[in-house]
Amino acid sequence: HGEHLAPSGWHRQVQWSVCDQLPTSTAHSDGVTDFDWGGPSNADGASSGYDSTTTTCAGTYCHGSTLLGPNAGGSVSRTPDWTTVNSTYNECGTTCHTNPPGGSHPPSSACDQCHRLVISSYDAATPSSSTWSAAALHVNGLLEVGDYHELSGWTSPGGGANHHGSNYFLTNQQRDEHNRNCTECHGSNLTGGWSGVSCDNTGCHGGNWRSCDFCHGTPVGQYNPPAGVGGESTTDTLAVGRHIPHLQASSTHTAFACDSCHLIPATGDVSHALGYVPTADLATAGHHGDVDFSGRAAGMVFDVGATGGNPVNRRGTCVGACHSDGRGGPPNVTPWWAGGSWTTGSCSSCHDATPNTGEHNKHVNGEAIPCSTCHNDPTSPTHVNGQRDVFIGGMIFFDPNGCGPSRPSCSGPCHGEQHNSECW
């Protein structure tokens with residue numbers, strides 16, 4: 001009696017009328033234990049009973065008779081002995097139901113995901129422990145289930161303060177408003193999991209949400225910013241920066257492919273978004289993608305921590321290979337990724353338009369020999385490739401190390417002269 005009628009920290013306090021009718025006369029003293037099951041004892045179609053021979057209760061809602069069976073490897077005990085009073089029937093997960101329950105119940109023991117009005121946390125460790133939001137709602141004859149996502153605008157079109165994608169999946173490292181991984185309920189590939197709710201929902205997303213241009217770039221098919229993940233559209237933001245000048249050919253270089261500077265995720269792989277860090281301005285480094293230079297860009301060094309101005313109005317420098325003085329040194333103009341200034345197509349941004357190194361001054365200024373005599377057109381793939389490429393036709397032989405390491409020489413006839421290992 002004490003176990004049932006005393007206040008409890010984990011279930012609704014049982015009232016006398018759940019099992020018996022209060023007597024109104026002394027006629028009840030007839031040697032028979034009378035039961036009159038009421039309240040939640042027969043809720044949900046239960047049929048309660050008491051066996052005076054074995055002193056056990058069976059079929060009662062209160063002890064889980066209407067609940068799903070145990071999960072694989074688990075067990076339940078739903079016929080408690082009235083005379084066994086040792087708290088064994090207080091253990092969560094082995095009496096009324098297992099945690100998680102078996103059958104069609106979702107295979108999750110995070111009870112608060114669906115029942116947080118009742119329980120705020122459950123730890124399945126041995127011994128298990130629970131923190132109750134409202135113990136009076138537990139074993140009360142009702143299935144207390146609430147919507148897990150209750151934020152207004154959770155599934156509304158993107159951009160709202162509570163939208164699940166733009167404000168949680170991205171900015172909260174693919175965790176929801178309760179700081180749980182989205183994959184816990186929706187499956188490792190977000191196609192539904194035990195929740196049965198798939199992100200592959202064209203009714204909401206209107207297309208392939210795993211495509212590159214769903215988060216950044218301009219659908220259909222333009223994968224690079226603008227726009228950025230947060231809708232950024234100007235070059236003074238890290239998300240946009242100098243994407244367009246690199247991905248479009250100019251008078252000084254051919255177009256660069258995305259994988260020149262980034263690791264490209266496999267088709268449909270959105271795990272790279274775990275590294276997304278939003279930034280409202282250039283004062284913080286924010287997210288700058290998975291920078292990994294290769295091909296023509298191999299040897300570049302990107303420093304997202306480099307800043308200029310007070311307050312900061314430019315951030316992130318790229319130096320080496322593509323942006324150098326042509327001889328391995330820094331370029332004339334610091335190439336800022338976001339903010340700053342850069343004259344697109346200007347030779348002097350990297351090196352002097354008429355370089356003074358070696359015999360450049362004599363050949364270009366003194367003899368007015370055009371650059372194209374010795375070098376390919378700047379719009380060729382060999383320009384801005386991290387190497388000094390010299391292509392001299394005819395009888396001229398160019399040896400890049402003819403006068404020593406990295407000291408080139410020329411041999412052969414050129415503009416009326418006969419060079420014989422002429423040092424550059």
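Just the heavy atoms: all of them, side chains too, but no hydrogens, waters or symmetry mates, feed the values below. Along the sequence shown, residues carry numbers from 1.
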Less than 4.0 angstrom from a charged side-chain N to a carboxylate O is my criterion; do R116 and E150 meet it?
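Answer for the salt bridge query: yes.
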
Apply the test side-chain hydrogen bond (donor to acceptor under 3.5 Å, both in side chains) to residues D112 and S120: give CA-CA distance (whole Å), side-chain angles for both, the deciding distance (0.1 Å), then the verdict.
CA-CA 5 Å; D112 59 300; S120 57; over 6 Å; no

What residues, two or more places apart in sequence or in another chain, satisfy side-chain hydrogen bond (donor to acceptor under 3.5 Å, both in side chains) together with S156?
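By the side-chain hydrogen bond (donor to acceptor under 3.5 Å, both in side chains) rule, S156 matches no residue at all.
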
Rounded to the nearest 0.5 Å, what's the gap from [atom1] on [X] to [atom2] on [Y]? Could you check?
X: W424; Y: T357; atom1: CH2; atom2: OG1; answer: 7.5 Å
X: S129; Y: D123; atom1: OG; atom2: CG; answer: 4.5 Å
X: Y61; Y: L142; atom1: OH; atom2: CG; answer: 6.5 Å
X: C215; Y: F169; atom1: SG; atom2: CZ; answer: 7.5 Å
X: H164; Y: L151; atom1: NE2; atom2: CG; answer: 12.0 Å
X: T237; Y: R315; atom1: OG1; atom2: CZ; answer: 13.0 Å

Closest approach of [X] to [Y] (non-hydrogen atoms, all atoms of both residues):
X: P100; Y: P106; value: CB-O, 3.8 Å
X: D377; Y: H383; value: O-CB, 4.4 Å
X: A46; Y: S65; value: CB-OG, 3.7 Å
X: C318; Y: P335; value: O-CG, 2.7 Å
X: S409; Y: G402; value: OG-CA, 3.3 Å

Verify the distance criterion only: is there a donor paired with an acceptor across the side chains of [X] and [Y] at less than 3.5 Å?
X: D352; Y: T354; answer: no
X: E91; Y: S128; answer: yes
X: E184; Y: S108; answer: no
X: S121; Y: T131; answer: yes
X: D213; Y: S211; answer: yes

Count the heavy atoms belonging to other residues, nucleotides or ligands that lie under 6.0 Å from CZ of R407, then report whether that count exceeds 12.
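No, not enclosed.
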
Got a sec, which residues hit ring-ring contact (aromatic ring centres under 6.0 Å, His included) with [X], two or more places apart in sequence or on another chain?
X: H419; result: H415
X: H375; result: none
X: F293; result: none
X: F398; result: none

Looking at [X] and [Y], would you say the former's side chain and the latter's main chain have a donor-acceptor pair under 3.5 Å?
X: Q13; Y: L5; result: yes
X: R12; Y: G141; result: no
X: N332; Y: S348; result: yes
X: E232; Y: D236; result: no
X: E367; Y: I369; result: no
X: T235; Y: G241; result: no
X: D269; Y: S271; result: yes
X: N42; Y: S48; result: yes

Hey, do the aromatic rings of [X] and [Y] have their centres closer than 6.0 Å?
X: W82; Y: H4; result: yes
X: Y148; Y: H178; result: yes
X: F214; Y: H205; result: yes

Apply the test side-chain contact (heavy atoms from CB on, under 4.5 Å) to residues T94 and V76: give CA-CA distance (whole Å), side-chain angles for both, the deciding distance (0.1 Å), then the verdict.
CA-CA 5 Å; T94 60; V76 293; over 6 Å; no

Close side-chain approach of [X] to [Y], heavy-atom, < 4.5 Å:
X: W209; Y: C199; answer: yes
X: P408; Y: D399; answer: no
X: V270; Y: P265; answer: no
X: N172; Y: N167; answer: no
X: Y276; Y: T171; answer: yes
X: H163; Y: W154; answer: no
X: P331; Y: D325; answer: no
X: V319; Y: S324; answer: no

Apply side chain to side chain contact (heavy atoms under 4.5 Å, CB included) to [X] and list each qualifying residue two or more places apart in sequence or on a separate chain.
X: T382; result: N376, S380, N385, D389, F391
X: S130; result: C92, I119, Y122, W132
X: H11; result: S8, V14, H138, V139

Aromatic plane relationship, H149 with H186 - under 30° parallel, 30 to 60° tilted, over 60° perpendicular
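Plane angle under 30°, so parallel.
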
Determine the interplanar angle of the W337 and H246 rings, folded into 0 to 90°, and report it as parallel if under 30°, tilted if 30 to 60°, perpendicular if over 60°.
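Rings of W337 and H246: tilted, as their planes differ by 30° to 60°.
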
Between side-chain atoms of residues 303-310 and protein atoms elsewhere (two or more places apart, or another chain), which donor-acceptor pairs fall under 3.5 Å?
| from | atom 1 | to | atom 2 | distance (Å) |
| --- | --- | --- | --- | --- |
| D303 | OD1 | G305 | N | 3.0 |
| D303 | OD1 | A306 | N | 3.4 |

Test side-chain contact (heavy atoms from CB on, under 4.5 Å) applied to C258 and I264, step by step
CA-CA 8 Å; C258 298; I264 306 301; 3.7 Å; yes

List the residues meeting salt bridge (charged side-chain N to carboxylate O under 4.0 Å, His left out) with D200, not counting sequence neighbours, and say none if there are none.
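Once residues adjacent in sequence are excluded, the partners of D200 under the salt bridge (charged side-chain N to carboxylate O under 4.0 Å, His left out) criterion are R210.
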
According to ring pair (Phe, Tyr, Trp, His ring centres under 6.0 Å), does anything in residues 84-121 pair up with another residue at least two apart or in another chain? List the pairs.
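Those involving residues 84-121 do not exist here.
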
With side-chain contact (heavy atoms from CB on, under 4.5 Å) as the test, would you mind laying out the steps for R78 and T95 before giving the verdict?
CA-CA 6 Å; R78 296 172 174 174; T95 52; over 6 Å; no

According to the side chain to side chain donor-acceptor pair (under 3.5 Å) rule, which pairs have a member within residues 254-265, sequence neighbours left out?
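Output for this query lists T254-R296.
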
